[in-house]
Number of protein chains: 2
Amino acid sequence: MDTRTRILKSAWKLLEAEGANAVRMGDIAKAAGISRQALYLHFPARADLLIATTRYLDEVYDIESKLAPSRTAASGLERLDSFIDAWGNHIPAIYGVAKALMAMRDTDDEADAAWTDRLNAIRHGCEAAIKALKADKALSTDYSQKQATDILWTILSVRTWEHLTGDCGWSQKQYIEKTKHMARQVLCA
Amino acid sequence: MDTRTRILKSAWKLLEAEGANAVRMGDIAKAAGISRQALYLHFPARADLLIATTRYLDEVYDIESKLAPSRTAASGLERLDSFIDAWGNHIPAIYGVAKALMAMRDTDDEADAAWTDRLNAIRHGCEAAIKALKADKALSTDYSQKQATDILWTILSVRTWEHLTGDCGWSQKQYIEKTKHMARQVLCA
DNA sequence: CCGTCAAATTGACACTGTGTCAATCACACT
DNA sequence: AGTGTGATTGACACAGTGTCAATTTGACGG
């Protein structure tokens with residue numbers, strides 16, 4: 001395994017285990033078995049490392065293929081459900097890294113841009129699901145298409161997942177079930 | 001005006017204007033017209049200052065009296081609406097300070113405890129609204145009472161407000177309207 | 001008028017964590 | 001033997017928080 005991968009894996013594992021911000025560059029270097037300075041030979045800054053780690057996780061977990069079923073769903077409702085399944089179940093996998101990256105948004109422009117990118121990618125998924133509902137005439141008329149997309153986007157945000165599974169103590173299974181139910185209640189005619 | 005109040009006011013104004021984390025102890029001191037060291041004579045640490053600032057805002061905006069109408073509401077639905085009105089419209093007022101405090105949760109135990117306290121206070125409000133709905137037999141049977149409370153709590157979280165008014169670009173008026181509507185859709189029979 | 005107490009000031013310093021730089025080493029490849 | 005790559009060590013700059021000591025200022029009471 002090459003050094004770069006070893007670093008990414010170490011960062012991932014540490015961020016998953018510790019409280020995210022408690023993970024310093026030196027900790028990651030130590031876990032990867034190299035010196036702190038060597039880390040900077042691979043990643044110019046902490047933000048770059050975190051961004052690379054999220055990309056690495058997407059690759060490892062193959063988020064693209066997980067999202068595929070929702071894209072080929074027969075109906076709008078089915079598409080909505082399988083999108084929630086795919087993304088909602090991906091969140092716990094990336095949460096550690098995501099938390100660290102979200103925390104950096106305030107101080108680092110690069111991290112902010114990277115996370116905004118991700119956010120927009122999710123939004124596209126939400127938009128597609130809403131469009132599919134609309135095509136089926138299954139979309140509630142209470143909201144404009146943009147508003148419906150915004151609502152789904154909000155329900156599926158990492159922050160919402162964090163709140164429900166963390167502060168509220170919901171299990172992952174409960175989270176997926178109830179989120180699906182709520183999405184239908186709010187968005188479907 | 002005594003120094004302590006001048007400090008709190010300066011912190012408030014700065015946090016409201018700047019990006020929250022961009023506000024350093026020295027900035028607040030300068031704005032209050034005292035030296036950075038004098039700040040530490042009044043507040044032992046940054047976390048204490050932020051906590052005191054949120055309490056100050058509660059006092060200035062008299063959150064208690066704003067919450068009163070929801071407590072005396074005639075029906076469950078009315079209680080739900082006026083709770084959303086009161087809290088939802090309080091959020092933008094406290095957002096600057098809240099953001100700084102939320103950011104400190106990761107690194108500071110005291111800040112974490114203080115914010116958790118606030119969170120629980122909101123949850124009590126949510127719980128009371130749900131109970132009022134239940135008493136009216138207006139509560140949906142799709143969720144347990146705890147789950148319904150959790151959902152309302154999540155909808156009314158600062159993060160959700162941040163996402164809808166920030167990332168989604170909703171106006172405050174839209175936010176209040178749509179939040180009320182969603183809450184009814186999801187929670188009412 | 002003097003003493004005292006509280007609030008504030010100045011300046012220096014410790015600590016943590018990020019990021020940089022220079023000199024050096026080890027090893028593989030040709 | 002020579003070259004380049006990746007790593008190492010050690011030192012350092014910088015920002016921001018929090019601490020400490022010595023000193024000043026102003027008000028108030030005896």
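Nearest nucleotide to the side chain of B:A45, out of D:dG18, C:dT9, D:dA7: D:dG18. With distances taken from any side-chain atom of A:A38 to the nucleotides D:dA7, C:dT9, D:dT17, the minimum falls on D:dA7. Counting only heavy atoms from C-beta on, B:R24 has its side chain closest to D:dT17 among D:dA7, D:dT17, C:dT9.
Regarding A:M25, its CE atom lies at a distance of 13 Å from the P atom of C:dG17, rounded to whole Å. Straight-line distance from the NZ atom of A:K30 to the P atom of C:dG17: 11 Å, rounded to whole Å. Atom CD1 in A:I28 sits about 13 Å away from atom P in C:dG17, given to the nearest Å. When rounded to the nearest whole Å, the span between CD1 of B:I7 and C1' of C:dA7 equals 11 Å. What separates OH of B:Y40 from C1' of C:dC13 is a distance of 14 Å, to the nearest Å. Taking atom CD on B:Q37 and atom P on D:dT23, their separation rounds to 17 Å, with Å as the unit. Atom CG of B:L39 is separated from atom P of D:dT17 by 10 Å (rounded to the nearest Å). Rounded to whole angstrom, the span from the CZ atom of B:R6 across to the C1' atom of C:dA8 amounts to 11 Å.
Contact check, A:T3 against D:dA7: a side-chain N or O comes under 4.0 Å of OP1 or OP2. An OP1 or OP2 oxygen of C:dA8 is reached within less than 4.0 angstrom by a side-chain nitrogen or oxygen of B:H42.
Classification of A:K134 and A:E127 as a salt-bridged pair fails, no side-chain N sitting under 4.0 Å from a carboxylate O. Ion pairing between a basic and an acidic side chain is recognised when a charged N comes within 4.0 Å of a carboxylate O; A:D27 and A:K30 show no such pairing. At a threshold of 4.0 Å, the pair B:K146-B:D150 counts as salt-bridged, since one of the basic side-chain nitrogens sits closer than that to a carboxylate oxygen.
A:V186 approaches A:Y143 most closely through the heavy-atom pair O-CE1, 3.6 Å.
In terms of polar N and O atoms assigned as donor or acceptor, the side chain of B:R36 never comes within less than 3.5 Å of the base of C:dG11 in a complementary pairing. For D:dG6, its base never sits under 3.5 Å from the side chain of A:R4 at any donor and acceptor pair.
Within the 4.0 angstrom heavy-atom criterion, base atoms lie near A:L41.
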Side chains of residues 174-183 of chain A: which donor-acceptor partners sit under 3.5 Å, not counting sequence neighbours?
{"residue": "A:Q174", "atom": "OE1", "partner": "A:S171", "partner atom": "N", "Å": "3.1"}
{"residue": "A:T179", "atom": "OG1", "partner": "A:Y175", "partner atom": "O", "Å": "2.6"}
{"residue": "A:K180", "atom": "NZ", "partner": "A:D85", "partner atom": "OD1", "Å": "3.4"}
{"residue": "A:K180", "atom": "NZ", "partner": "A:D85", "partner atom": "OD2", "Å": "2.9"}
{"residue": "A:H181", "atom": "NE2", "partner": "B:D142", "partner atom": "OD2", "Å": "2.7"}

